[in-house]
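Comments concern the structure below.
Keep in mind that the numbers below use all heavy atoms, side chains included, and drop hydrogens, waters and symmetry copies.
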Protein chains: 2
Amino acid sequence: MSTAKAEPDALKAAARPAPGAAAGSQTLLRGLDILDAVAAGATDLAALSAALGTTRSTTHRLAAALVERRYLTFVPREGYGLGPKLLELGFRAQAAMAVPQVARPHLERLSATCEDTIHLGILDGEWALYLDKIPGRRRVEISSRVGERQPVWSTGLGKALILDLDEARWRDFYQVGQARGARHARDLDTWLARMRDYASRGVAFDHEENEPEVRCVAAPIRKAGGAIVAGLSVSSTAQYMDEARMERLVGEVVATARAISRALGWSGGG
Amino acid sequence: MSTAKAEPDALKAAARPAPGAAAGSQTLLRGLDILDAVAAGATDLAALSAALGTTRSTTHRLAAALVERRYLTFVPREGYGLGPKLLELGFRAQAAMAVPQVARPHLERLSATCEDTIHLGILDGEWALYLDKIPGRRRVEISSRVGERQPVWSTGLGKALILDLDEARWRDFYQVGQARGARHARDLDTWLARMRDYASRGVAFDHEENEPEVRCVAAPIRKAGGAIVAGLSVSSTAQYMDEARMERLVGEVVATARAISRALGWSGGG
DNA sequence: TGTCAAATCCCATATTTTGGGATTTAGTTT
DNA sequence: AAACTAAATCCCAAAATATGGGATTTGACA
């Protein structure tokens with residue numbers, strides 16, 4: 001039941017087939033697919049049915065269950081939308097992680113002095129996962145979302161998160177990135193050389209490696225004992241982020257990361 | 001398949017049987033129940049099985065699907081936790097609503113001058129739904145969560161949301177509240193008299209009607225045209241909120257609500 | 001009042017889920 | 001170091017559940 005319908009392409013993501021996925025929960029998975037479809041912009045039953053490849057009947061039953069549980073909202077003329085239950089669980093999920101709580105005020109302080117987008121994130125397997133974000137106040141905004149994942153090897157935040165690992169691990173992250181089809185691949189040796197430099201300075205940069213025109217300065221956050229538990233980055237478009245400014249930001253970014261680390265119980269820091 | 005198991009009672013909420021619920025999606029609903037159970041503190045398969053009343057097998061399959069879709073996290077020694085996908089969808093749900101976006105900076109400004117908990121909410125059927133919250137900085141904190149619902153008739157925020165309705169509607173909200181077993185019921189006439197007073201002043205109070213010891217001052221937020229689209233409240237415990245302070249807060253709260261209304265395009269406001 | 005599109009409901013069929021129990025994985029004890 | 005324990009994970013026949021075609025209702029609009 002291919003879904004290559006007319007879909008405005010706004011409903012891009014939502015890869016249904018599932019990789020080596022766990023089968024045996026079709027109904028549950030379809031329900032979750034509905035959440036994805038709604039998040040991607042589907043608003044009526046027809047769009048949902050098309051996205052799932054199921055009949056109106058089935059789609060309606062699933063959607064109705066989600067509405068009843070407040071995972072979706074439904075307004076007769078308007079259609080479906082993400083529901084308050086997701087708000088609740090989302091904020092709970094964030095609250096369950098200690099780092100964002102502690103970091104928030106520090107991020108806000110940093111945000112007050114720079115006009116750019118600030119991200120807080122952790123390492124999630126082979127990805128960098130955003131846990132919090134303070135939008136910048138420039139005319140152009142970095143389009144990222146809390147809960148989203150970005151490649152480790154190409155983002156400043158990602159590189160900050162793996163600063164302490166050895167070169168073998170660095171290679172792994174680089175290769176995973178290449179395998180997933182890196183957009184602006186650089187050769188491994190250059191990348192490793194930069195990583196060594198970043199590691200020795202305790203900061204990481206992103207010179208438009210992940211996204212053209214987007215640059216950032218990032219630093220690792222450490223918990224008691226010194227292990228890296230999170231990272232912090234300041235991002236902006238190239239026009240606001242020339243080399244000189246990136247260097248000027250380093251002090252602030254590192255200082256903020258250190259302050260958060262201290263709040264988490266890390267007393268080190270030559 | 002009755003669920004009257006041993007449940008440690010820590011997993012209180014999660015009323016399974018579902019009221020006049022939509023049947024025909026057992027698997028999906030059970031999956032959602034798992035999310036609730038994890039949110040309520042269950043961390044291992046045994047706890048989840050107990051909460052759902054299903055066997056380890058079934059529970060495991062559902063949980064595995066949720067983990068695969070990142071709605072849950074699973075760490076061998078630690079157990080299950082709410083996953084990053086919920087973060088993503090939660091923040092998206094919030095972003096989909098325009099009001100929180102516009103209101104945030106104003107709420108933060110208000111928060112800077114008062115030490116108390118600030119809530120932003122909208123009317124959701126017969127409930128007041130919290131869309132955003134800035135925690136207070138007092139020793140005791142108001143335990144509320146974004147995404148949660150509270151009765152309209154007994155909360156300051158709720159009353160602010162229905163300030164423009166006529167008396168017949170007010171009665172409806174009051175009666176729904178009574179039907180649901182109000183805790184500190186007041187007689188209808190007194191309540192209506194107060195509502196009239198609130199409506200004429202453009203503020204609403206909560207004198208420990210919803211929760212003993214919790215008081216608040218609330219004001220409605222209006223969109224272009226003047227219709228109430230949201231509300232704003234400042235809450236604290238009685239010890240920090242005597243009558244005098246509540247009166248003193250009115251100006252600030254109303255001013256903030258007005259500022260947000262103006263940002264939403266409302267130009268009215270005698 | 002009539003028309004049309006979308007949502008909602010119904011029910012026999014067959015596909016999907018279920019759960020008992022076997023197996024594997026890790027951490028702890030002897 | 002090997003046996004023990006607890007929890008997670010996997011397997012498969014039986015049975016309950018979800019499915020979707022089509023009928024019906026709802027409500028906006030003419």
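Between A:W170 atom CH2 and A:I162 atom CD1 the span is 7.5 Å, to the nearest 0.5 Å.
The interatomic distance linking A:L48 (CG) with C:dT8 (C1') rounds to 15 Å, in whole Å. The distance between atom CZ of B:R61 and atom P of D:dT17, rounded to the nearest whole Å, is 13 Å. A:D44 places its CG atom 16 Å from the P atom of D:dA28, with the value rounded to the nearest Å. Rounded to whole angstrom, the span from the NE2 atom of A:H60 across to the C1' atom of D:dG20 amounts to 14 Å. The CD-P distance, from B:E78 to D:dA6, rounds to 21 Å in whole Å. B:D33 has its CG atom 16 Å from the P atom of C:dT17, to the nearest Å. To the nearest angstrom, C1' of C:dT17 lies 14 Å from CG of B:L29. Residue A:L52 contributes atom CG, which lies 14 Å from atom C1' of D:dG20 at whole-angstrom precision.
Across A:L131 and A:P100, no two heavy atoms sit closer than the pair CD1-CG, 3.9 Å.
End-to-end axis angle of the helix from C:dT1-D:dA30 to C:dT30-D:dA1, using five pairs per end and rounding to 10°, comes to 50°.
A heavy-atom distance below 4.5 Å is found between the side chains of B:K85 and A:D36. Contact annotation: the side chain of A:F91 never approaches that of B:E148 to less than 4.5 Å [non-hydrogen atoms, C-beta and beyond]. Side-chain contact between A:Y130 and A:Q150 is present, with at least one heavy-atom pair separated by less than 4.5 Å.
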Atom pairs, protein N/O to nucleotides 21-26 of chain D N/O, distance under 3.5 Å:
{"residue": "D:dG21", "atom": "O6", "partner": "A:S57", "partner atom": "OG", "Å": "2.2"}
{"residue": "D:dG22", "atom": "O6", "partner": "A:S57", "partner atom": "OG", "Å": "3.2"}

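Nearer the 5' end of DNA chain C, as judged by each residue's closest nucleotide, is the contact made by A:L45, out of A:L45 and A:Q26. Heavy-atom nearest nucleotides on DNA chain D were determined for A:T58 and for A:P76, and the one closer to the 5' end corresponds to A:T58.
Closest contact between the side chain of B:L62 and the listed nucleotides C:dT18, C:dG27, D:dC29 involves C:dT18. Across D:dG20, D:dT9, C:dG19, the shortest atom-to-atom separation from the side chain of B:R30 is found for C:dG19. Here the nucleotide nearest the side chain of B:T27, chosen from D:dA18, C:dA7, C:dG27, is D:dA18.
Comment: B:R56 does not engage B:D44 in a salt bridge, judged by the lack of any side-chain N to carboxylate O separation of less than 4.0 angstrom.
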Could you walk me through whether B:R169 and B:D164 pass the salt bridge (charged side-chain N to carboxylate O under 4.0 Å, His left out) check?
-> CA-CA 10 Å; B:R169 298 273 174 63; B:D164 281 354; over 6 Å; no
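With B:R92 contributing its side chain and A:A39 its backbone, the two residues share a donor-acceptor pair below 3.5 Å. The backbone N or O of B:R222 sits less than 3.5 Å from a side-chain atom of B:S261, completing a donor-acceptor pair.
In this structure, A:R77 does not reach the D:dG27 phosphate: none of its side-chain N or O atoms is under 4.0 Å from OP1 or OP2.
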